[in-house]
Amino acid sequence: MKLAVGPPTCPAEGVGCGEDEWEGEFFPGIPKIKYEGPNSKNHLAFKYYNAEEMILGKKMKDWFRFSVAFWHTFRGTGADPFGAPTKYWPWEDGTNSLAMAKRRMRANFEFIDKLGVDFWCFHDRDIAPDGKTLEETNKNLDEVVALAKELQGSKIHPLWGTSQLFHHPRYMHGAATRYATICSYITLSVTHYLGGENYVFWGGREGYQTLLNTDMEKELDHMARFLQAAVDFKKKIGFNGTLLIEPKPQEPTKHQYDWDAATAANFLRKYGLIDEFKLNIECNHATLSGHSCHHELETARINGLLGNIDANTGDPQTGWDTDQFMTDVAEATMVMLSVIKNGGLAPGGFNFDAKLRRESTDVEDLFIAHIGGMDTMARGLRNAAKLIEDGSLAELVKKRYQSFDSEVGTAIEAGKADFEYLEKKAIEWGEPKVLSGKQELAEMIFQSAL
Ligand code: XLS
Ligand code: NI
Ligand code: NI
């Protein structure tokens, strides 16, 4: 198998580089990844993810709808604020040329095929280079998109597309500007053209560094206008996919407006957009906002807003978006408890918004990371199904609220108990019996399923 080689040598932007067709496979030596069961020692096989297996009445692949994130897998270089790129994939020539973009797109579809998933996610700027003018940028995008459409065939589609509105200096004050609207409108059309099932808005620059120079009310109004324009455009072009807001509390901006699921829900309600959007919950963003992923998923779910999951995880000792593949089976089990309660995520799914560590530099690491992430989620699904079939956790929760099945409880839930009535009942019944919350028992039951 070809491993990553040294730094690319092609010096000039586009000139004479990457223009030759890539000979043979991009991932020679890597087979189609198969399910081999928990006893397999093959690191290029699934031990828990068995696409066609039925769990709680649905195929595993339909519970997940796994997606490869183009930006991490094909544009991630391993660079960090302190160091140069570490990854030199054999097909990269060091340019950002159109020819290179096309070659990368071919690598993407070979990767997807070998991994055995049906979806991919992209930003417009990951897949095609910026031109000198907006016209040229759009032309580049069109060319790469035409190739992607051909390579997708009939089986593969974008889980979601998005417009990259945070890298260029033009977006440094926020992207809900006229230019941003144009970019989003083009990318929304492209996502629609490729048969995409969702479209994401992540507002990395929609926020502030200090309120001393910021009119927060005005900015939130602008953001709402921008999103309303997206809704209108979606309807105009007949895009039936879901529009998703992806909350994140900070990074790169100090304070981002879509702080967490509850904040985003409140924003959508205030501006009358609640029926037009759902949320894309990213687990690493959840922990950055001081919540667990489970909390964010439940907040989205009970508001009818759970649309998609950016499946990754953070590091408990690191305070930023480390975008790691999830490897914690307990966390995956909690995630899947929410997903099952939600009846699945379709038309959303699980997008691996996750990247290799800087020090992981072999081509096969790209596969190993995704296989590990898929197996972790599959274990989560199997465990959550076990917990649901066993029923003791549900029973424990039911008992905790059993006083609401009494005469008074029923009256409260039906909105028929005013304070006078409640006081009368309190006097009649005297001091209530205080019952145990059974947290340790709940944890014991949960652990026994892992
Ligand atoms: C960054 C976000 C980003 C979005 C898409 O933290 O997770 O990758 O998912 O723009
Ligand atoms: Ni994300
Ligand atoms: Ni993120």
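Each ligand, and each atom within it, is numbered from 1 in the order the structure gives.
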_Per-atom contacts, ligand 1 versus Glu246 - under 4.0 Å to a heavy atom_ = 2 (C), 3 (C), 4 (C), 7 (O), 9 (O)
*Decide if atom NE2 of His173 counts as having more than 12 heavy atoms of other residues, nucleotides or ligands within a radius under 6.0 Å.*
no
*asked:* Pairing donors with acceptors under 3.5 angstrom, does anything connect the side chains of Thr313 and Glu331?
replied: yes
*Within-shell test, Trp160 vs ligand 1, heavy atom, strictly < 4.0 Å*: yes
*Enclosure of Glu217 CD (heavy-atom neighbours >12, cutoff 6.0 Å)*: no
*Polar proximity ligand 1 side, Asp321 side, N/O cut 3.5 Å exclusive*: yes
*When you measure from the Ni ion (ligand 2) to each N, O or S atom of Asp353, which atom gives the shortest distance?*
OD2
_Report the atom name of the nearest N/O/S atom of His285 relative to the Ni ion (ligand 3)._
NE2
*With backbone taken as N, CA, C and O and side chain as the heavy atoms from C-beta onward, which portion of Glu251 lies under 4.0 Å from ligand 1: side chain, backbone, both, or neither?*
neither
*asked:* Side chains of Gln164 and Trp71: any donor to acceptor distance under 3.5 Å?
replied: no
*Compute the shortest N/O to N/O distance between Asp310 and ligand 1 and return yes if it is under 3.5 Å, no if not.*
yes
*Does the cation-pi check pass for Arg379 over Tyr48, that is, NZ or CZ under 6.0 Å from the six-membered ring centre and within 45° of its axis?*
yes
*Write the atom name of the N, O or S atom in Asp321 that is nearest the Ni ion (ligand 3).*
OD2
*Has Lys254 got its NZ or CZ under 6.0 Å from the middle of the six-membered ring of Tyr208, at an angle within 45 degrees of the ring axis?*
no
*asked:* Under a 4.0 angstrom heavy-atom cut-off, which atoms of ligand 1 come close to His123?
replied: 5 (C), 10 (O)
*Step through the shown structure and confirm whether more than 12 heavy atoms of other residues, nucleotides or ligands are within 6.0 Å of OH on Tyr185.*
no
*For atom 8 (O) of ligand 1, what is the nearest protein heavy atom, given as residue, atom name and distance?*
Asp353 OD2, 3.1 Å
*asked:* So if I count the atoms of ligand 1 from 1 in the order they appear, which ones are less than 4.0 Å from some heavy atom of Lys248?
replied: 1 (C), 6 (O)
*asked:* To 10 degrees, how wide is the angle OE2 (Glu246) to the Ni ion (ligand 2) to OD2 (Asp310)?
replied: 100°
*Nearest to the Ni ion (ligand 3), which N, O or S atom of Glu282 do we find?*
OE2
*asked:* Looking at ligand 1, is there an atom of it that comes within less than 4.0 Å of some heavy atom belonging to His285?
replied: yes
*Hey, is CG on Asn240 packed in by over 12 heavy atoms from elsewhere, all under 6.0 Å?*
no
*When you look at NZ of Lys34, are more than 12 heavy atoms from neighbouring residues, nucleotides or ligands closer to it than 6.0 Å?*
no
